[in-house]
*Asks:* 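My structure is below; once you've seen it, I'll send some questions.
The analysis underlying the following values was restricted to heavy atoms, covering all of them including side chains, and did not include hydrogens, waters or symmetry mates.
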2 protein chains.
Amino acid sequence: MTPKPHAPKFHRATPTVRREALIEATLECLRKHGHDGVSARRIAAEAGVSAGLITHHFPSISALVAAAYETLAMRLLSSIQQHAIELDAGPRERLRRFFEASFAPALLEPGLFSTWLVFWSMIAHDAAVRAVQDRTYVAYRDALESLLGQLRASKGVPAFKLRPAGIALAALLDGLWIEASLNAEAFRPAEAVALCEDWVHALCYGALPSLLVQRPEGRARRAASSVGPE
Amino acid sequence: MTPKPHAPKFHRATPTVRREALIEATLECLRKHGHDGVSARRIAAEAGVSAGLITHHFPSISALVAAAYETLAMRLLSSIQQHAIELDAGPRERLRRFFEASFAPALLEPGLFSTWLVFWSMIAHDAAVRAVQDRTYVAYRDALESLLGQLRASKGVPAFKLRPAGIALAALLDGLWIEASLNAEAFRPAEAVALCEDWVHALCYGALPSLLVQRPEGRARRAASSVGPE
DNA sequence: CTCACTGTTTGACAACTGTACAGCTGGTGT
DNA sequence: ACACCAGCTGTACAGTTGTCAAACAGTGAG
């Protein structure tokens, strides 16, 4: 054997780069091993690095996972949003594209579900993870409410309460995503998209009673201060 | 101190009883500790029993968890169903009671969500848990489809495809339950019930196009034509 | 070239894990 | 009163785990 005279035993990296590499390795570990992937040694091995390095760059394993959570959640959301925003498309079409992106093959990969379960299960114990969850959930619902807001501003769409509408649509999307992740054969992605579109259709149709804003029609005649068109 | 002359060091039980006690202890452990509750020693301690007894009654820890999954899932479903079935009530009212039961305080307890996450996260690795998941999910959707079937048989309700309707309603329920479990302050249980009722309302109104059965001749309902902005 | 800085490794630590198994014991049938 | 044995215990085992102090070695500056 000819020993190489100059084989560096490790590579130095700037803290930022190393932290990002560790986060990436964490995501890969969670994707592949689920809960068992939350292991300093496993993540370090995935990153091609020693285990002790993790504690050197992150206060704890859970802090690393929390950082990975934030990275993945924001990445996915912006990916879906980017797919949804088509310049010359109406609100209805944008929502459809949002749904499509939500049930694209990359989103239905089993490893992604395993990863998400790890994040969710850490919420109860770890405050940092809980904080990430709160932030990303707000961002997700804001994205939906923005699209729904554009829809509401369209002609022929009855006024509806934005916040509960966002909640319901987010729940429908989440629920379908989970069902599809739990049992890939239960239904096809196109069906999920159609079911979401159905809900939007019903919303535009005014067929979701509890979401409609109360139009004080009866009182408006008595109270002359009403400015709405009659 | 007067030492009791005859303090039995352990209590004998018939296998069936002991197994059920272990399952109950498992559920309690998962409820309290989530993923960390999956531990032979912890479960044994909860049951007031030595750790070795678990391997004596169950081939492995995951088999015990799978049994606990089946027990809890069936218990919850039959509890909800029992609450939903009111003798002199129409299908619409029964569905409303089903929703109510789904968002009762007992169902929104944080420990229940932690427990469920453990079950779900084991699906990917353990075949027995996966089998339980498949079975219980079918039972759950069957229960919904049964109620929806009664609804469809009602007067004034348009024909709709039962299976995708069950899928959508199950997803909406699951999604709302998860959102509520993740963030108890996001919305009140009554809102969740209202959103589910809205969906049923839209279904009865024929406002969910992809669920409507294609009527070859004289489709009178206007829901098939888009009313929203396009 | 040498030095110092600092990212990285190493090894050790105590506390866990699931499972196996030899032996003890409670309570029942005789 | 006795014996049996199923149910149960306790220990042992080979693995894990996260964290940390100390030693190490790349790498750029002087």
*Asks:* Over all strands shown, is Val17(B) touching base, sugar-phosphate only, or nothing at heavy-atom distances under 4.0 angstrom?
*Replies:* nothing
*Asks:* Please determine whether a side-chain nitrogen or oxygen atom of Arg18(B) lies at a distance below 4.0 Å from atom OP1 or OP2 of dC8(D).
*Replies:* yes
*Asks:* What about the rings of Phe113(A) and Trp116(A), do their centers lie closer together than 6.0 Å?
*Replies:* no
*Asks:* Thr14(B) side chain N/O closer than 4.0 Å to the phosphate oxygens (OP1, OP2) of dG7(D)?
*Replies:* no
*Asks:* Consider salt bridge (charged side-chain N to carboxylate O under 4.0 Å, His left out). Of Arg75(B), Arg19(B), Arg31(B), Arg18(B), which one does Glu24(B) pass it with?
*Replies:* Arg75(B)
*Asks:* Under 3.5 Å between N/O atoms: give me all the protein pairs with nucleotides 28-30 of chain C, atom names plus distance.
*Replies:*
none

*Asks:* Would you name the heavy atoms of Asp198(A) and Leu211(B) that are closest together and state the gap between them?
*Replies:* OD2-N, 3.6 Å
*Asks:* 5'-most contact on DNA chain C: Ala40(B) or Phe10(A), nearest heavy atom basis?
*Replies:* Phe10(A)
*Asks:* Of the residues in residues 55-66 of chain B, which ones touch DNA chain C at a heavy-atom distance under 4.0 Å?
*Replies:* Thr55(B), Ser60(B), Ile61(B)
*Asks:* Identify, between Val49(B) and Ile54(A), the residue whose nearest nucleotide on DNA chain D lies closer to the 5' end.
*Replies:* Val49(B)
*Asks:* How far does CG of Leu176(A) sit from CG of Leu172(A), to the nearest 0.5 angstrom?
*Replies:* 4.5 Å
*Asks:* Would you say that Phe99(A) contacts Trp199(A) through its side chain, given a criterion of any heavy-atom pair below 4.5 Å between the two side chains?
*Replies:* no
*Asks:* What protein N or O atoms touch nucleotides 10-13 of chain C N or O atoms at under 3.5 angstrom, if any, and at what distances?
*Replies:*
from    : atom 1 : to       : atom 2 : distance (Å)
dA12(C) : N6     : Arg41(A) : NH2    : 3.3

*Asks:* Are Arg42(A) and Asp36(A) packed together at the side-chain level, in the sense that at least one heavy-atom pair is separated by less than 4.5 angstrom?
*Replies:* yes
